[in-house]
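I have a structure I would like to understand better, so I am pasting it below and will then ask my questions one at a time.
Only this structure's heavy atoms are used, side chains among them; waters, hydrogens and symmetry mates stay out. Sequence lines set the chain letters: A, B, ... in the order given, protein chains first and strands last, and positions in each chain run from 1. Everything quoted here is computed from the prediction, not taken from an experiment.
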2 protein chains.
Amino acid sequence: MSQSSIASALRRDAQHNRAHILEVARQAFGNDSVDVSMDAIAKLAGVGAGTLYRHFPNKDALLAALLVLHYESLDDRRVEIEAGESDAGRALELWVEALGDWMLAYEGLPEPLRAACRVESPLTPTCHAVIATTERILKAAQDEGLARRTMTGRDIFFGALAIAWASGATAAGEDTRNVLRDVLKNGWMEPKTAPGGGV
Amino acid sequence: MSQSSIASALRRDAQHNRAHILEVARQAFGNDSVDVSMDAIAKLAGVGAGTLYRHFPNKDALLAALLVLHYESLDDRRVEIEAGESDAGRALELWVEALGDWMLAYEGLPEPLRAACRVESPLTPTCHAVIATTERILKAAQDEGLARRTMTGRDIFFGALAIAWASGATAAGEDTRNVLRDVLKNGWMEPKTAPGGGV
DNA sequence: GGCTATATGGAGACTGTCTCCGCTTCGACT
DNA sequence: AGTCGAAGCGGAGACAGTCTCCATATAGCC
(Lines give C-alpha, C1' and ligand atoms only; values in the text may rest on other atoms or scores of the structure.)
Protein backbone atom coordinates (compact mmCIF):
# COMPACT_ATOMS: atom_id res chain seq x y z
CA MET A 1 0.00 0.00 0.00
CA SER A 2 2.58 2.49 1.07
CA GLN A 3 4.58 1.78 -2.06
CA SER A 4 5.99 4.81 -3.82
CA SER A 5 3.76 7.66 -4.78
CA ILE A 6 4.53 6.79 -8.38
CA ALA A 7 2.98 3.38 -8.02
CA SER A 8 -0.20 4.67 -6.49
CA ALA A 9 -0.41 7.42 -9.05
CA LEU A 10 -1.07 4.83 -11.73
CA ARG A 11 -4.02 2.55 -11.90
CA ARG A 12 -3.10 -1.09 -11.59
CA ASP A 13 -3.80 -1.94 -15.24
CA ALA A 14 -1.69 1.00 -16.30
CA GLN A 15 1.17 -0.14 -14.11
CA HIS A 16 1.01 -3.55 -15.68
CA ASN A 17 0.94 -2.14 -19.19
CA ARG A 18 3.86 0.12 -18.49
CA ALA A 19 5.97 -2.71 -17.17
CA HIS A 20 4.95 -4.96 -20.03
CA ILE A 21 5.82 -2.36 -22.64
CA LEU A 22 9.23 -1.85 -21.05
CA GLU A 23 9.94 -5.56 -21.10
CA VAL A 24 8.84 -5.91 -24.71
CA ALA A 25 10.85 -2.87 -25.76
CA ARG A 26 13.92 -4.18 -23.98
CA GLN A 27 13.76 -7.38 -25.94
CA ALA A 28 12.94 -5.71 -29.24
CA PHE A 29 15.74 -3.16 -28.95
CA GLY A 30 18.07 -5.86 -27.73
CA ASN A 31 17.35 -8.36 -30.48
CA ASP A 32 17.42 -5.85 -33.28
CA SER A 33 18.37 -2.27 -32.62
CA VAL A 34 16.84 0.97 -31.46
CA ASP A 35 15.50 1.29 -35.00
CA VAL A 36 12.55 -0.91 -34.14
CA SER A 37 9.53 1.30 -34.68
CA MET A 38 7.24 2.50 -31.93
CA ASP A 39 4.26 1.04 -33.74
CA ALA A 40 6.01 -2.31 -33.84
CA ILE A 41 6.62 -2.17 -30.11
CA ALA A 42 3.01 -1.28 -29.47
CA LYS A 43 1.93 -4.21 -31.59
CA LEU A 44 4.36 -6.57 -29.88
CA ALA A 45 3.08 -5.44 -26.52
CA GLY A 46 -0.49 -5.88 -27.68
CA VAL A 47 -1.46 -2.29 -26.93
CA GLY A 48 -2.51 0.62 -29.10
CA ALA A 49 -0.14 3.34 -30.14
CA GLY A 50 -2.02 5.73 -27.91
CA THR A 51 -1.27 3.64 -24.85
CA LEU A 52 2.39 3.44 -25.70
CA TYR A 53 2.64 7.19 -26.14
CA ARG A 54 0.62 7.84 -23.00
CA HIS A 55 3.31 6.05 -20.99
CA PHE A 56 6.28 7.28 -22.99
CA PRO A 57 5.63 10.54 -24.81
CA ASN A 58 8.27 9.79 -27.44
CA LYS A 59 10.84 7.25 -28.40
CA ASP A 60 13.61 8.90 -26.41
CA ALA A 61 11.48 8.70 -23.31
CA LEU A 62 11.05 4.97 -23.79
CA LEU A 63 14.76 4.59 -24.35
CA ALA A 64 15.46 6.70 -21.29
CA ALA A 65 13.24 4.57 -19.08
CA LEU A 66 15.06 1.49 -20.31
CA LEU A 67 18.41 3.12 -19.85
CA VAL A 68 17.69 4.17 -16.31
CA LEU A 69 17.28 0.50 -15.46
CA HIS A 70 20.57 -0.21 -17.16
CA TYR A 71 22.12 2.73 -15.42
CA GLU A 72 21.47 1.08 -12.10
CA SER A 73 23.60 -1.89 -13.00
CA LEU A 74 26.26 0.46 -14.35
CA ASP A 75 26.23 2.22 -11.02
CA ASP A 76 26.50 -1.10 -9.22
CA ARG A 77 29.55 -1.80 -11.33
CA ARG A 78 30.95 1.57 -10.35
CA VAL A 79 30.53 0.78 -6.66
CA GLU A 80 32.17 -2.59 -7.25
CA ILE A 81 35.10 -0.99 -9.03
CA GLU A 82 35.59 1.72 -6.45
CA ALA A 83 35.43 -0.77 -3.63
CA GLY A 84 37.63 -3.45 -5.12
CA GLU A 85 40.25 -1.43 -6.91
CA SER A 86 42.70 0.65 -5.00
CA ASP A 87 44.63 1.73 -8.08
CA ALA A 88 42.81 4.81 -9.34
CA GLY A 89 44.26 4.39 -12.81
CA ARG A 90 43.06 0.85 -13.10
CA ALA A 91 39.67 1.89 -11.71
CA LEU A 92 39.32 4.46 -14.48
CA GLU A 93 40.23 1.83 -17.02
CA LEU A 94 37.58 -0.56 -15.73
CA TRP A 95 35.03 2.20 -15.58
CA VAL A 96 35.56 3.19 -19.20
CA GLU A 97 35.22 -0.43 -20.18
CA ALA A 98 31.90 -0.69 -18.35
CA LEU A 99 30.88 2.57 -19.96
CA GLY A 100 31.50 1.18 -23.42
CA ASP A 101 29.35 -1.84 -22.74
CA TRP A 102 26.58 0.30 -21.33
CA MET A 103 26.57 2.51 -24.40
CA LEU A 104 26.16 -0.52 -26.57
CA ALA A 105 23.39 -2.09 -24.54
CA TYR A 106 21.30 -1.55 -27.65
CA GLU A 107 22.55 -1.16 -31.16
CA GLY A 108 22.16 2.42 -32.31
CA LEU A 109 22.09 3.79 -28.78
CA PRO A 110 25.11 6.10 -29.18
CA GLU A 111 23.23 8.37 -31.55
CA PRO A 112 20.41 9.36 -29.16
CA LEU A 113 22.95 9.64 -26.35
CA ARG A 114 24.98 12.11 -28.34
CA ALA A 115 21.87 14.04 -29.28
CA ALA A 116 20.88 14.18 -25.61
CA CYS A 117 24.15 15.92 -24.78
CA ARG A 118 23.35 18.74 -27.19
CA VAL A 119 19.66 19.32 -26.78
CA GLU A 120 17.43 18.56 -23.84
CA SER A 121 15.90 15.11 -24.05
CA PRO A 122 14.66 12.48 -21.63
CA LEU A 123 18.11 10.94 -21.87
CA THR A 124 19.90 14.10 -20.84
CA PRO A 125 19.88 13.61 -17.06
CA THR A 126 21.33 10.13 -17.36
CA CYS A 127 24.06 11.41 -19.67
CA HIS A 128 24.98 14.15 -17.25
CA ALA A 129 25.07 11.70 -14.36
CA VAL A 130 27.40 9.41 -16.27
CA ILE A 131 29.64 12.30 -17.24
CA ALA A 132 29.78 13.49 -13.64
CA THR A 133 30.75 10.03 -12.44
CA THR A 134 33.42 9.78 -15.10
CA GLU A 135 34.72 13.14 -14.02
CA ARG A 136 34.96 11.98 -10.44
CA ILE A 137 36.79 8.77 -11.25
CA LEU A 138 39.09 10.63 -13.61
CA LYS A 139 39.91 13.19 -10.97
CA ALA A 140 40.90 10.48 -8.52
CA ALA A 141 43.31 9.12 -11.12
CA GLN A 142 44.62 12.59 -11.88
CA ASP A 143 45.22 13.29 -8.21
CA GLU A 144 47.45 10.27 -8.05
CA GLY A 145 49.29 11.32 -11.18
CA LEU A 146 47.87 8.43 -13.16
CA ALA A 147 45.96 10.49 -15.69
CA ARG A 148 46.73 13.64 -17.58
CA ARG A 149 45.06 16.82 -16.54
CA THR A 150 44.48 17.77 -20.15
CA MET A 151 41.37 15.64 -20.35
CA THR A 152 38.00 16.13 -18.70
CA GLY A 153 35.38 13.57 -17.81
CA ARG A 154 33.36 14.90 -20.67
CA ASP A 155 36.20 14.24 -23.08
CA ILE A 156 36.48 10.65 -21.95
CA PHE A 157 32.74 10.19 -22.12
CA PHE A 158 32.65 11.46 -25.68
CA GLY A 159 35.67 9.40 -26.58
CA ALA A 160 34.03 6.24 -25.32
CA LEU A 161 30.77 7.21 -27.02
CA ALA A 162 32.51 7.88 -30.31
CA ILE A 163 34.22 4.50 -30.17
CA ALA A 164 30.94 2.79 -29.35
CA TRP A 165 29.35 4.54 -32.30
CA ALA A 166 32.14 3.70 -34.71
CA SER A 167 32.41 0.05 -33.83
CA GLY A 168 28.70 -0.47 -33.43
CA ALA A 169 27.23 -3.67 -32.14
CA THR A 170 27.90 -5.66 -35.26
CA ALA A 171 31.05 -7.74 -35.24
CA ALA A 172 32.40 -5.88 -38.27
CA GLY A 173 34.69 -3.64 -36.26
CA GLU A 174 35.94 -5.92 -33.50
CA ASP A 175 39.60 -5.13 -34.18
CA THR A 176 39.01 -1.47 -34.74
CA ARG A 177 37.14 -1.23 -31.48
CA ASN A 178 39.99 -2.73 -29.51
CA VAL A 179 42.56 -0.55 -31.16
CA LEU A 180 40.59 2.62 -30.57
CA ARG A 181 39.94 1.70 -26.96
CA ASP A 182 43.64 1.33 -26.55
CA VAL A 183 44.26 4.66 -28.18
CA LEU A 184 41.82 6.30 -25.80
CA LYS A 185 43.48 4.66 -22.85
CA ASN A 186 46.90 5.83 -23.94
CA GLY A 187 45.36 9.22 -24.40
CA TRP A 188 44.53 9.71 -20.80
CA MET A 189 47.40 7.82 -19.25
CA GLU A 190 50.18 9.91 -17.83
CA PRO A 191 53.30 9.07 -19.81
CA LYS A 192 55.74 7.25 -17.58
CA THR A 193 58.80 9.06 -18.95
CA ALA A 194 59.10 12.15 -21.09
CA PRO A 195 56.00 14.16 -21.99
CA GLY A 196 54.76 13.49 -25.53
CA GLY A 197 53.17 16.16 -27.71
CA GLY A 198 51.16 18.43 -25.48
CA VAL A 199 48.00 20.32 -26.43
CA MET B 1 32.12 17.96 -77.86
CA SER B 2 34.52 15.16 -77.19
CA GLN B 3 33.88 15.63 -73.50
CA SER B 4 33.38 12.49 -71.54
CA SER B 5 30.97 9.80 -72.65
CA ILE B 6 28.91 10.69 -69.59
CA ALA B 7 28.29 14.18 -70.86
CA SER B 8 27.16 13.10 -74.29
CA ALA B 9 24.97 10.39 -72.79
CA LEU B 10 22.73 13.03 -71.25
CA ARG B 11 20.57 15.44 -73.12
CA ARG B 12 21.59 19.01 -72.60
CA ASP B 13 18.61 19.93 -70.42
CA ALA B 14 19.30 16.89 -68.27
CA GLN B 15 22.94 17.89 -67.90
CA HIS B 16 21.89 21.31 -66.78
CA ASN B 17 19.37 19.95 -64.32
CA ARG B 18 21.87 17.57 -62.87
CA ALA B 19 24.43 20.29 -62.33
CA HIS B 20 21.83 22.63 -60.91
CA ILE B 21 20.57 20.03 -58.46
CA LEU B 22 24.12 19.37 -57.30
CA GLU B 23 24.75 23.03 -56.71
CA VAL B 24 21.50 23.49 -54.83
CA ALA B 25 22.12 20.39 -52.74
CA ARG B 26 25.62 21.54 -51.91
CA GLN B 27 24.29 24.79 -50.55
CA ALA B 28 21.37 23.19 -48.73
CA PHE B 29 23.50 20.54 -47.06
CA GLY B 30 26.14 23.13 -46.32
CA ASN B 31 23.83 25.69 -44.76
CA ASP B 32 21.85 23.23 -42.71
CA SER B 33 22.85 19.60 -42.60
CA VAL B 34 22.41 16.41 -44.55
CA ASP B 35 19.00 16.16 -42.91
CA VAL B 36 17.53 18.49 -45.51
CA SER B 37 14.87 16.41 -47.22
CA MET B 38 15.03 15.27 -50.81
CA ASP B 39 11.69 16.90 -51.51
CA ALA B 40 13.03 20.18 -50.18
CA ILE B 41 16.02 19.94 -52.48
CA ALA B 42 13.80 19.18 -55.44
CA LYS B 43 11.68 22.19 -54.59
CA LEU B 44 14.72 24.43 -54.13
CA ALA B 45 16.05 23.29 -57.46
CA GLY B 46 12.67 23.90 -59.06
CA VAL B 47 12.33 20.35 -60.33
CA GLY B 48 9.96 17.51 -59.53
CA ALA B 49 10.88 14.72 -57.20
CA GLY B 50 10.96 12.36 -60.15
CA THR B 51 13.68 14.37 -61.83
CA LEU B 52 15.76 14.44 -58.69
CA TYR B 53 15.49 10.68 -58.28
CA ARG B 54 16.17 10.08 -61.95
CA HIS B 55 19.57 11.72 -61.53
CA PHE B 56 20.29 10.40 -58.06
CA PRO B 57 18.43 7.20 -57.25
CA ASN B 58 18.58 7.87 -53.51
CA LYS B 59 19.89 10.32 -51.00
CA ASP B 60 23.19 8.53 -50.56
CA ALA B 61 23.79 8.76 -54.28
CA LEU B 62 23.30 12.51 -54.17
CA LEU B 63 25.61 12.75 -51.22
CA ALA B 64 28.13 10.56 -52.98
CA ALA B 65 28.13 12.74 -56.08
CA LEU B 66 28.73 15.77 -53.90
CA LEU B 67 31.41 14.00 -51.95
CA VAL B 68 33.27 12.93 -55.04
CA LEU B 69 33.70 16.60 -55.88
CA HIS B 70 34.95 17.21 -52.37
CA TYR B 71 37.15 14.18 -52.62
CA GLU B 72 39.01 15.80 -55.47
CA SER B 73 40.06 18.69 -53.31
CA LEU B 74 40.98 16.27 -50.56
CA ASP B 75 43.17 14.47 -53.02
CA ASP B 76 44.72 17.75 -54.10
CA ARG B 77 45.53 18.36 -50.48
CA ARG B 78 47.09 14.92 -50.29
CA VAL B 79 49.35 15.66 -53.25
CA GLU B 80 50.26 18.97 -51.66
CA ILE B 81 51.13 17.30 -48.37
CA GLU B 82 53.13 14.53 -49.95
CA ALA B 83 55.05 16.99 -52.08
CA GLY B 84 55.73 19.60 -49.46
CA GLU B 85 56.34 17.51 -46.39
CA SER B 86 59.36 15.30 -46.13
CA ASP B 87 58.60 14.21 -42.59
CA ALA B 88 56.28 11.21 -42.98
CA GLY B 89 54.99 11.62 -39.44
CA ARG B 90 54.05 15.22 -39.99
CA ALA B 91 52.48 14.28 -43.33
CA LEU B 92 50.24 11.78 -41.59
CA GLU B 93 49.28 14.42 -39.09
CA LEU B 94 48.33 16.88 -41.80
CA TRP B 95 46.45 14.22 -43.69
CA VAL B 96 44.33 13.26 -40.71
CA GLU B 97 43.56 16.91 -40.16
CA ALA B 98 42.40 17.27 -43.76
CA LEU B 99 40.42 14.06 -43.34
CA GLY B 100 38.57 15.49 -40.37
CA ASP B 101 37.59 18.60 -42.28
CA TRP B 102 36.45 16.54 -45.24
CA MET B 103 34.24 14.38 -43.04
CA LEU B 104 32.59 17.45 -41.69
CA ALA B 105 32.03 19.11 -45.06
CA TYR B 106 28.35 18.69 -44.22
CA GLU B 107 26.83 18.29 -40.82
CA GLY B 108 25.62 14.75 -40.31
CA LEU B 109 27.93 13.33 -42.95
CA PRO B 110 29.76 10.92 -40.63
CA GLU B 111 26.67 8.76 -40.22
CA PRO B 112 26.23 7.84 -43.90
CA LEU B 113 29.99 7.42 -44.22
CA ARG B 114 30.01 4.90 -41.42
CA ALA B 115 27.03 3.11 -42.89
CA ALA B 116 28.80 2.93 -46.24
CA CYS B 117 31.68 1.06 -44.63
CA ARG B 118 29.32 -1.68 -43.46
CA VAL B 119 26.89 -2.12 -46.29
CA GLU B 120 27.33 -1.32 -49.96
CA SER B 121 26.21 2.19 -50.80
CA PRO B 122 27.08 4.82 -53.37
CA LEU B 123 29.49 6.23 -50.81
CA THR B 124 31.37 2.98 -50.37
CA PRO B 125 33.96 3.42 -53.15
CA THR B 126 34.94 6.84 -51.89
CA CYS B 127 35.30 5.49 -48.36
CA HIS B 128 37.52 2.70 -49.52
CA ALA B 129 39.64 5.09 -51.53
CA VAL B 130 40.14 7.31 -48.52
CA ILE B 131 41.00 4.37 -46.31
CA ALA B 132 43.51 3.11 -48.86
CA THR B 133 45.18 6.51 -49.03
CA THR B 134 45.30 6.70 -45.26
CA GLU B 135 46.86 3.26 -45.20
CA ARG B 136 49.55 4.38 -47.63
CA ILE B 137 50.44 7.52 -45.75
CA LEU B 138 50.42 5.62 -42.49
CA LYS B 139 52.71 2.98 -43.89
CA ALA B 140 55.23 5.60 -44.94
CA ALA B 141 55.24 6.91 -41.39
CA GLN B 142 55.54 3.40 -39.98
CA ASP B 143 58.47 2.63 -42.26
CA GLU B 144 60.32 5.57 -40.81
CA GLY B 145 59.47 4.49 -37.29
CA LEU B 146 57.21 7.47 -36.77
CA ALA B 147 54.01 5.53 -36.26
CA ARG B 148 53.17 2.37 -34.40
CA ARG B 149 52.52 -0.76 -36.35
CA THR B 150 49.59 -1.63 -34.13
CA MET B 151 47.27 0.63 -36.08
CA THR B 152 45.93 0.24 -39.58
CA GLY B 153 44.73 2.88 -42.00
CA ARG B 154 41.24 1.67 -41.32
CA ASP B 155 41.67 2.27 -37.61
CA ILE B 156 42.81 5.81 -38.19
CA PHE B 157 39.99 6.43 -40.61
CA PHE B 158 37.44 5.22 -38.10
CA GLY B 159 39.11 7.16 -35.34
CA ALA B 160 38.89 10.37 -37.33
CA LEU B 161 35.32 9.55 -38.34
CA ALA B 162 34.32 8.87 -34.75
CA ILE B 163 35.78 12.19 -33.65
CA ALA B 164 34.02 14.00 -36.46
CA TRP B 165 30.77 12.36 -35.42
CA ALA B 166 31.19 13.15 -31.75
CA SER B 167 32.13 16.76 -32.16
CA GLY B 168 29.69 17.41 -34.97
CA ALA B 169 29.60 20.66 -36.82
CA THR B 170 28.01 22.62 -34.02
CA ALA B 171 30.41 24.56 -31.87
CA ALA B 172 29.28 22.69 -28.75
CA GLY B 173 32.27 20.40 -28.68
CA GLU B 174 35.14 22.58 -29.82
CA ASP B 175 37.34 21.65 -26.88
CA THR B 176 36.39 18.02 -26.94
CA ARG B 177 37.25 17.81 -30.60
CA ASN B 178 40.71 19.17 -30.05
CA VAL B 179 41.38 16.92 -27.12
CA LEU B 180 40.21 13.83 -28.96
CA ARG B 181 42.26 14.73 -32.02
CA ASP B 182 45.24 14.93 -29.78
CA VAL B 183 44.43 11.61 -28.23
CA LEU B 184 44.22 10.02 -31.65
CA LYS B 185 47.52 11.55 -32.65
CA ASN B 186 49.21 10.28 -29.52
CA GLY B 187 47.64 6.95 -30.29
CA TRP B 188 49.48 6.44 -33.51
CA MET B 189 52.72 8.19 -32.65
CA GLU B 190 55.64 5.98 -31.81
CA PRO B 191 56.63 6.80 -28.25
CA LYS B 192 59.98 8.56 -28.27
CA THR B 193 61.35 6.74 -25.25
CA ALA B 194 60.11 3.69 -23.41
CA PRO B 195 57.12 1.79 -24.73
CA GLY B 196 53.93 2.67 -22.87
CA GLY B 197 51.10 0.21 -22.36
CA GLY B 198 51.16 -2.34 -25.17
CA VAL B 199 48.12 -3.74 -26.97
C1' DG C 1 8.12 20.51 -89.34
C1' DG C 2 7.85 15.71 -87.76
C1' DC C 3 9.16 12.04 -84.88
C1' DT C 4 11.04 9.34 -81.13
C1' DA C 5 14.05 8.54 -77.46
C1' DT C 6 14.83 11.04 -73.50
C1' DA C 7 13.42 13.74 -69.70
C1' DT C 8 9.96 15.78 -66.71
C1' DG C 9 6.84 16.54 -62.64
C1' DG C 10 3.81 15.44 -59.35
C1' DA C 11 0.40 12.23 -57.48
C1' DG C 12 0.60 8.69 -54.46
C1' DA C 13 2.45 4.21 -52.13
C1' DC C 14 4.78 3.16 -48.20
C1' DT C 15 6.88 3.75 -43.57
C1' DG C 16 7.71 6.05 -39.45
C1' DT C 17 6.38 9.41 -35.41
C1' DC C 18 3.04 11.18 -32.81
C1' DT C 19 -2.05 13.30 -31.73
C1' DC C 20 -6.78 13.21 -30.94
C1' DC C 21 -10.88 11.64 -29.13
C1' DG C 22 -14.84 8.39 -28.47
C1' DC C 23 -15.22 4.30 -25.79
C1' DT C 24 -13.93 1.14 -21.86
C1' DT C 25 -12.56 -0.01 -17.36
C1' DC C 26 -11.01 0.67 -12.67
C1' DG C 27 -11.95 1.33 -8.16
C1' DA C 28 -13.68 4.69 -4.51
C1' DC C 29 -17.86 5.69 -2.40
C1' DT C 30 -22.32 4.60 -1.08
C1' DA D 1 -23.71 -4.92 -5.09
C1' DG D 2 -24.52 -0.73 -7.77
C1' DT D 3 -23.16 3.86 -9.34
C1' DC D 4 -20.26 7.01 -11.53
C1' DG D 5 -16.30 10.05 -12.51
C1' DA D 6 -11.71 9.91 -13.57
C1' DA D 7 -8.08 7.30 -15.56
C1' DG D 8 -6.83 4.53 -19.19
C1' DC D 9 -7.30 2.50 -23.83
C1' DG D 10 -6.93 1.83 -28.94
C1' DG D 11 -6.65 2.95 -33.40
C1' DA D 12 -7.80 6.22 -37.09
C1' DG D 13 -5.47 9.61 -39.11
C1' DA D 14 -2.37 14.00 -39.48
C1' DC D 15 2.07 14.86 -40.87
C1' DA D 16 6.72 14.21 -42.83
C1' DG D 17 10.11 11.61 -45.29
C1' DT D 18 11.78 8.45 -49.10
C1' DC D 19 11.05 6.78 -53.33
C1' DT D 20 8.01 4.90 -57.69
C1' DC D 21 5.18 5.24 -61.62
C1' DC D 22 3.55 6.99 -65.72
C1' DA D 23 1.05 10.43 -68.56
C1' DT D 24 2.88 14.39 -70.59
C1' DA D 25 6.42 17.52 -72.56
C1' DT D 26 10.74 18.44 -74.97
C1' DA D 27 15.25 18.16 -77.33
C1' DG D 28 17.48 17.40 -81.19
C1' DC D 29 18.21 14.24 -85.34
C1' DC D 30 15.99 13.61 -89.92
Contact state string [nucleotides 23-30 of chain D, B base, S sugar-phosphate only, - no protein heavy atom under 4.0 Å]: ---BSS--
With sequence neighbours excluded, give me every side chain to side chain donor-acceptor pair (under 3.5 Å) pair touching residues 17-28 of chain B.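 Sorted result for residues 17-28 of chain B: Glu23(B)-Arg26(B), Glu23(B)-Gln27(B).
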Using atom NE2 of His20(A) as one end and atom C1' of dC9(D) as the other, report the distance to the nearest whole Å.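 Checked: the NE2 to C1' distance equals 14 Å.
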Please list, in numerical order, the residues of residues 49-64 of chain B that have a heavy atom closer than 4.0 Å to any atom of DNA chain D.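 Residues of residues 49-64 of chain B under 4.0 Å from DNA chain D: Gly50(B), Tyr53(B), Asn58(B), Lys59(B).
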Return yes if some donor-acceptor pair links the side-chain N/O of Glu135(A) with the main-chain N/O of Gly153(A) below 3.5 Å, else return no.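 Here the side-chain-to-backbone pair exists.
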Please answer whether the main-chain N or O of Leu10(B) pairs with a side-chain N or O of Gln15(B) as donor and acceptor at a distance below 3.5 Å.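 Indeed, once roles are kept as given, a pair shorter than 3.5 Å links the two residues.
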5' precedence on DNA chain C between Asp39(B) and Asn17(B) (nearest-nucleotide basis):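 Its nearest nucleotide lies further toward 5', so the answer is Asn17(B).
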Just to verify, what does His70(A) make a ring-ring contact (aromatic ring centres under 6.0 Å, His included) with, not counting sequence neighbours?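 Applying ring-ring contact (aromatic ring centres under 6.0 Å, His included) to His70(A) gives Tyr106(A).
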Distance to the ring centre below 6.0 angstrom and angle to the axis at most 45 degrees; does that hold for Arg114(A) and Trp165(B)?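 Verdict for Trp165(B): a cation-pi partner in Arg114(A).
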Tell me whether Thr51(B) contacts the main-chain N or O of Val47(B) through its side chain, where contact means a donor paired with an acceptor under 3.5 Å.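 Between the backbone of Val47(B) and the side chain of Thr51(B) there is no qualifying donor-acceptor contact (under 3.5 Å).
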So, for Ala116(B) and Thr124(B), which heavy atoms are closest and what is the spacing to 0.1 Å?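 Heavy atoms of Ala116(B) and Thr124(B) come nearest at O-OG1, 3.0 Å.
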Main-chain N/O of Thr152(B) paired with Asp155(B) side-chain donor or acceptor, under 3.5 Å: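 A pair under 3.5 Å: yes.
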Please report, rounded to the nearest Å, how far the P atom of dC9(D) is from the NE2 atom of His16(A).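 Taking NE2 of His16(A) and P of dC9(D), I get 11 Å after rounding.
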Please round to 10 degrees the angle between the axis of the first five pairs and the axis of the last five pairs in the helix from dG1(C)-dC30(D) to dT30(C)-dA1(D).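 Inter-axis angle at the termini of the helix from dG1(C)-dC30(D) to dT30(C)-dA1(D): 10°.
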Please examine the side chains of Glu111(B) and Glu111(A), heavy atoms only from C-beta on, and report whether any two atoms are closer than 4.5 Å.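 SC-SC contact between Glu111(A) and Glu111(B) confirmed.
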Using whole Å, report how far CZ of Arg18(A) lies from P of dC9(D).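 The distance from CZ of Arg18(A) to P of dC9(D) comes to 12 Å, rounded to the nearest Å.
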Spell out, as yes or no, whether a donor-acceptor pair under 3.5 Å connects the side chain of Lys59(A) to the backbone of Val34(A).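 Between the backbone of Val34(A) and the side chain of Lys59(A) there is a qualifying donor-acceptor contact (under 3.5 Å).
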Basic-acidic side-chain contact under 4.0 Å: Lys185(B), Glu93(B):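 Yes.
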Taking any atom closer than 4.0 angstrom to a non-hydrogen atom of chain A, what span of DNA chain C does the protein reach, first nucleotide to last?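 Nucleotide range in contact with chain A: dG16(C) to dG27(C).
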Under-4.0 Å salt bridge between Lys139(B) and Asp143(B):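 Yes, Lys139(B) and Asp143(B) are salt-bridged.
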Salt bridge (Lys or Arg N to Asp or Glu O under 4.0 Å) between Arg77(B) and Glu82(B), intermediate numbers included: CA-CA 9 Å; Arg77(B) 181 81 184 110; Glu82(B) 293 193 322; over 6 Å; no
